[in-house]
> 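Below is a structure I'd like to ask you about.
Only heavy atoms go into these numbers, but all of them, side chains included; no hydrogens, no water, no symmetry mates. Numbered from 1 within each chain, the chains take letters A, B, ... in sequence-line order.
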Amino acid sequence: MCARYAFFRMHVVADDFGVTPLPDLVPRWNVAPMQFAPVIVSDSEMRMMRWGLLPSWAKDESMASKLLNARGETVAEKPSFRAAFMSRRCIVPTNGFYEWKGPAGSKQPYFITRRSSELMSLAGLWETWSDGVQTLETYTILTTEPNELVGELHTRMPVILGRDDAHAWMESAEAAPALITQYPAEDMEAIPVSREVGKVSVDHPGLIEPAEEQKELF
DNA sequence: CCAGACGTTGTT
DNA sequence: GTCTGG
DNA sequence: CCAGACGTTGTT
DNA sequence: GTCTGG
């Protein structure tokens with residue numbers, strides 16, 4: 001799964017997409033579901049949207065927190081994702097994401113990032129939803145089978161796209177299905193980090209610093 | 001026909 | 001235990 | 001994903 | 001909106 005991530009190197013987005021970062025963007029080390037974060041919907045267009053997809057037909061907002069991720073294997077068919085997959089694919093710009101390993105109560109979080117400091121572009125979908133009172137733009141992140149590195153920690157990982165594939169993902173509905181692939185493990189690393197990242201209210205650069213893997217106290 | 005679901009992950 | 005909020 | 005709430009009435 | 005279950 002992918003349910004927390006970081007986005008703090010603003011300039012790399014400009015390098016890859018020619019997007020001018022939004023003027024009020026602040027760096028984030030702990031983006032959580034139901035929060036607003038930048039997504040790229042096409043060349044040179046970045047928008048703030050809320051994480052958790054709300055299909056246009058949803059009667060209320062209650063579905064959003066369940067649609068954080070979309071399985072790449074079934075995204076083309078599922079009623080909740082089908083329309084967005086055909087015409088509203090986006091890139092979620094990150095510098096890495098978090099995964100937890102271990103039994104409930106003593107889970108160790110890891111920050112998973114690219115070995116280079118390049119942008120980690122996640123494949124996403126977005127939607128516009130309105131109930132007549134308010135209008136929301138929301139997004140979700142595709143997942144796939146994990147590679148060797150992430151597989152040590154979890155059963156799923158986000159769909160990560162290289163620069164060229166990221167452009168193709170947004171532009172071409174024909175090319176999109178073949179881009180749902182497993183990013184190579186050798187380009188990535190997993191760093192054990194503080195359990196502080198579990199708290200949604202905590203957001204600072206120390207969250208991605210290496211930390212001792214915590215031992216059980218008994 | 002209408003009513004109700006529409007999703008993922010992890011854990012047991 | 002289970003659901004909601006972030 | 002984890003953390004935190006989980007409830008009502010009346011009063012200020 | 002569209003599909004499935006009854």
> For A:R82, is there an ion pair with A:E77 - N to carboxylate O distance below 4.0 angstrom?
no

> For atom C1', what is the distance between B:dT9 and D:dC1, given to the nearest Å?
9 Å

> How long is the line joining OH of A:Y5 and P of D:dC1, in whole Å?
17 Å

> Take the protein atom CG of A:N30 and the nucleotide atom C1' of C:dG6, then report the distance between them rounded to whole Å.
10 Å

> Does NZ or CZ of A:R50 lie under 6.0 Å from the centre of the six-membered ring of A:W129, at an angle within 45° of the ring axis?
no

> Taking the P atom of each, how far is D:dA5 from B:dA5, in whole Å?
29 Å

> Just the rounded figure in Å: distance from C1' of E:dT2 to NZ of A:K59.
11 Å

> Taking the six-membered ring for Trp, does A:W100 stack with D:dC1 (centroid gap under 5.5 Å, planes within less than 30°)?
no

> May I ask you to verify if any side-chain N or O of A:T155 is less than 4.0 angstrom from the OP1 or OP2 atom of B:dT8?
no

> Count the heavy atoms of every other residue, nucleotide or ligand shown that sit under 6.0 Å from CD of A:E148, and state whether that count exceeds 12.
no

> What is the separation between atom CG on A:D203 and atom C1' on D:dA3, rounded to the nearest whole Å?
16 Å

> How would you label the contact of A:L67 with the nucleic acid (heavy atoms, under 4.0 Å): base, sugar-phosphate, or nothing?
sugar-phosphate

> Examine E:dC3: is either OP1 or OP2 under 4.0 Å from a nitrogen or oxygen in the side chain of A:R82? Give yes or no.
yes

> In whole angstroms, how far is the P atom of E:dG1 from the CH2 atom of A:W57?
11 Å

> Please confirm whether the shortest side-chain N or O distance from A:K107 to OP1 or OP2 of D:dC2 is below 4.0 Å.
yes

> In whole angstrom, give me the gap between the P atoms of C:dC3 and B:dC6.
14 Å

> Does A:F81 reach a base, just sugar-phosphate, or nothing at all? Heavy atoms under 4.0 Å.
sugar-phosphate

> Does A:R71 place a side-chain N or O at less than 4.0 Å from the phosphate oxygens OP1/OP2 of B:dT9?
yes

> Expressed as a whole number of Å, how far does the C1' atom of D:dC2 sit from that of B:dT11?
15 Å

> Could you tell me how far C:dG5 sits from D:dT8 if I compare only their P atoms? Round to whole Å.
15 Å

> Expressed in angstrom and rounded to an integer, what is the separation of A:M63 atom CE from E:dT2 atom C1'?
12 Å

> Looking only at the side chain of A:K78 (C-beta and beyond, no hydrogens), which of the listed nucleotides C:dG6, B:dT8, B:dC6 gets closest?
B:dT8

> Side-chain donor-acceptor pair under 3.5 Å between A:N69 and A:R156, yes or no?
no

> What does A:G72 touch in the nucleic acid at a heavy-atom separation under 4.0 angstrom: a base, only the sugar-phosphate, or nothing?
nothing

> Any side-chain N or O of A:S65 less than 4.0 Å from the OP1 or OP2 oxygen of C:dC3?
no

> Taking it one step at a time, do A:W51 and A:Y5 satisfy ring pair (Phe, Tyr, Trp, His ring centres under 6.0 Å)?
CA-CA 11 Å; A:W51 187 4; A:Y5 67 82; 5.1 Å; yes

> Is there a Watson-Crick or G-U wobble partner for B:dG4 with both distances under 3.5 Å, and which nucleotide is it?
E:dC3

> Can you tell me the distance, in whole Å, between the CE atom of A:M86 and the P atom of E:dG1?
14 Å

> Pick out which of A:N95, A:D203, A:T94 makes a side-chain hydrogen bond (donor to acceptor under 3.5 Å, both in side chains) with A:R28.
A:D203

> Could you tell me whether A:T143 contacts a base, only the sugar-phosphate backbone, or nothing, with contacts defined as non-hydrogen atoms closer than 4.0 Å?
sugar-phosphate

